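As structure tokens, the structure follows; a few thoughts come after it.
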Amino acid sequence: MCDTIINIVNIVGKEVVRTVVGLIGVFIVVIGNAIMLTWAERKVAGHMQRRIGPKEVGPFGLIQSFADSVKLLGKELLTPANVERPLYFLAPTLIFVPVLVTFVVIPFDGFLQVKDINVGILVILAFSSLTVLSILIAGWGSNNKYSLIGAVRSVAQNIAYEIPLLLSLLPIIFMANSFSLRDVVEAQKGLWFVFYQPVAFLIFFVASVAETNRTPFDLPEAESELVAGFHTEYSGMRFSLFFLAEYTNMFIVSAIAVTFFLGGYQGPILPGVVWFFMKTYVLVFVLLWFRWTFPRVRFDQLLNFSWKILIPVSFLNLLVTGGILKL
Amino acid sequence: MIFADIIFIIIILITLAGALMTVMYGSIIYALIGLVTTMFGIAGLYIYLNAPFLAMMQILIYVGAITVLIAFVIMVIGPLHKKPKEWTYPLKLIIAAIVALFSFFMFAKVVLKAKWTVLSTPFAVTTKDIGRLLFDRLTFPFELISLLIVVAIIGAVMLSLCSRGEK
């Protein structure tokens with residue numbers, strides 16, 4: 001048995017096998033994470049509002065989200081009559097491309113990484129901008145005013161917050177001297193970059209909350225004014241794909257923040273994967289916490305905050321970092 | 001070697017299909033999707049040529065920034081109230097054809113003029129090499145490009161100020 005496996009590996013090539021196994025692992029993490037986070041979000045929301053949250057299905061209501069996802073899978077796929085059909089079908093699929101590509105370069109541990117690419121961070125940044133494109137296609141294809149307004153807001157917001165996001169990661173690249181995520185983690189052996197770059201960390205975190213369309217920056221899907229924003233017309237499994245993408249994006253931005261600022265998989269005693277997931281879920285919890293404590297900002301406040309505060313501050317931070325490193 | 005050729009042909013076909021979709025489709029949002037496809041095709045060509053940095057920059061700048069900006073412009077001021085194909089007319093097609101042919105012949109001339117030498121050993125261009133080139137040998141053209149961008153920004157600001165003044 002073992003010999004045949006080794007033979008197959010030798011014939012196909014180690015890289016191919018590694019990639020395939022890695023992608024299957026990525027799928028498992030994506031699904032498991034989304035199911036866990038739906039439960040966590042409801043629990044956190046409940047306790048913050050002095051309720052208990054789901055408790056009937058399974059211990060502590062843990063199986064509630066499984067039941068919900070089975071229900072969503074069983075639902076009929078409704079297609080509204082006047083949608084722009086190709087675009088309407090394309091959007092939920094397209095939103096998953098960036099999600100899966102980003103997972104490929106994230107180092108979960110010293111060896112647990114699908115592929116270490118020497119321009120890793122650029123891969124993440126390049127493909128994460130695709131999310132906004134699929135939101136746009138969804139909003140346009142739905143042929144609904146709420147969807148379109150949601151999509152327009154999403155585009156404006158993403159243009160504004162992509163810039164500080166990029167600029168806050170540049171000082172880290174200066175300090176680590178590499179685009180590869182593993183090198184960035186290795187460079188934090190002594191002291192985490194969050195202590196060198198607290199401003200960059202704050203800017204990155206704020207910008208990533210905006211990029212994932214979470215409260216207080218959830219204007220693209222503001223329930224009280226736009227029904228559900230860009231995914232108003234989607235139901236059943238198509239809706240849950242958007243849902244899945246949102247929760248996976250939360251995980252991804254937290255994972256990138258951990259990799260760049262909080263030392264990645266490094267930590268004493270426990271294995272690296274455990275440290276990585278612990279740190280990531282602490283940040284995810286902060287995101288959930290934000291949602292249930294902050295009110296939604298107004299749209300002009302949102303854009304002004306990015307263009308007038310975040311971008312100048314991140315430029316200044318970049319300048320100071322470059323100056324200090326050269327001296 | 002055949003495997004590499006097949007991949008090359010697939011990338012070229014994707015790029016061409018995207019380009020054709022951009023210019024042939026009546027609906028402006030489909031044209032935009034065609035443009036994105038073309039950009040991805042070009043990025044694929046860069047990866048094929050062993051230049052991953054350029055490929056990522058292509059996606060980051062053209063897909064992530066420029067197409068999204070175009071999309072934003074379409075949504076804010078685009079010809080939404082008109083049906084597809086109503087906002088185009090034959091003269092536009094003729095002008096576009098002339099411009100396209102002119103630039104095609106120009107590129108063809110440059111490509112034919114260049115001396116192509118095949119290197120015996122394959123090499124990878126690193127980010128460091130590109131940075132070194134941009135700030136050393138090619139500093140002047142690099143600065144000229146930024147001048148061009150400044151001119152474009154000033155032009156855009158002027159245009160928006162002028163149209164505001166009319167109201």
Side-chain angles (χ1 to χ4, degrees), chain A residues 84-88 90-91 94 97-98 101 105 115 117-143 145 147-163 165-166 169 173-174 177-180 211 230 303, chain B residues 3 18 21 25-40 42-44 46-47 50-81 83-84 124-131 135 153 156-157:
Chain A
E84 187 86 41
R85 281 178 167 269
L87 296 183
Y88 181 81
L90 180 67
L94 197 65
V97 177
V101 172
V105 290
K115 198 160 172 49
I117 304 173
N118 63 1
V119 287
I121 184 56
L122 290 176
V123 172
I124 290 178
L125 292 171
F127 279 90
S128 64
S129 52
L130 264 181
T131 313
V132 59
L133 206 69
S134 49
I135 288 177
L136 185 86
I137 292 173
W140 185 282
S142 295
N143 203 1
K145 59 186 174 216
S147 304
L148 189 61
I149 294 172
V152 172
R153 283 181 176 182
S154 171
V155 175
Q157 184 175 326
N158 269 277
I159 293 171
Y161 281 87
E162 190 107 316
I163 305 167
L165 194 81
L166 274 165
L169 289 183
I173 295 168
F174 280 5
N177 240 327
S178 171
F179 280 118
S180 152
E211 287 279 306
F230 61 88
L303 290 185
Chain B
F3 183 64
M21 191 173 165
Y25 253 81
S27 169
I28 203 160
I29 201 92
Y30 282 97
L32 186 74
I33 292 171
L35 190 64
V36 172
T37 318
T38 316
M39 295 312 172
F40 267 106
I42 294 170
Y46 282 133
I47 288 181
N50 208 354
F53 179 75
L54 282 184
M56 285 310 132
M57 278 299 158
Q58 173 83 17
I59 297 176
L60 188 67
I61 292 169
Y62 284 94
V63 180
I66 295 195
T67 358
V68 170
L69 269 180
I70 294 176
F72 191 57
V73 170
I74 290 172
M75 293 207 155
V76 175
I77 57 167
L80 296 180
H81 53 287
K83 287 206 177 74
V125 180
T126 60
T127 322
K128 210 177 221 170
D129 296 337
I130 296 170
F135 285 101
I153 291 173
V157 171

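To find a chain, count down the sequence lines: A is the first, B the second, and so on, and within it residues start at 1. The structure presented is a predicted model; accordingly, all values stated were derived computationally and were not measured.
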**Asked** Has the side chain of A:Ser142 got a donor or acceptor atom that lies under 3.5 Å from a matching backbone atom of A:Ala138?
**Response** yes

**Item:** Distance-minimising heavy-atom pair for A:Glu211 and A:Tyr161
**Value:** OE2-C, 3.6 Å

**Side chain, backbone, both or neither of B:Ile61 within contact of chain A (heavy atoms, under 4.5 Å)** = neither

**Request:** Examine whether an atom of A:Leu125 lies under 4.5 Å from a heavy atom of chain B, and if so say whether it belongs to the side chain, the backbone or both; otherwise answer neither.
**Result:** both

**Item:** Leading residue by heavy atom contact count with chain B [cutoff under 4.5 Å; candidates A:Val132, A:Leu130, A:Thr131]
**Value:** A:Leu130

**Message:** Please classify the contact of A:Leu136 with chain B as side chain, backbone, both or neither, using a heavy-atom distance under 4.5 Å.
**Reply:** both

**Item:** Engaged part of A:Val123 at the chain B interface, taking heavy atoms whose separation is under 4.5 Å
**Value:** both

**Asked** Nearest heavy-atom pair of A:Ala156 and A:Leu303: which atoms, and what distance?
**Response** O-CD2, 3.9 Å

**Prompt:** With only heavy atoms counted, which part of A:Ile137 is less than 4.5 Å from chain B, the side chain, the backbone, both or neither?
**Reply:** side chain

**Item:** Whether over 12 other heavy atoms sit under 6.0 Å from B:Tyr62 OH
**Value:** no

**Asked** Taking A:Ser180 for the side chain and A:Gly120 for the main chain, is one N or O donor matched with an acceptor at less than 3.5 Å?
**Response** no

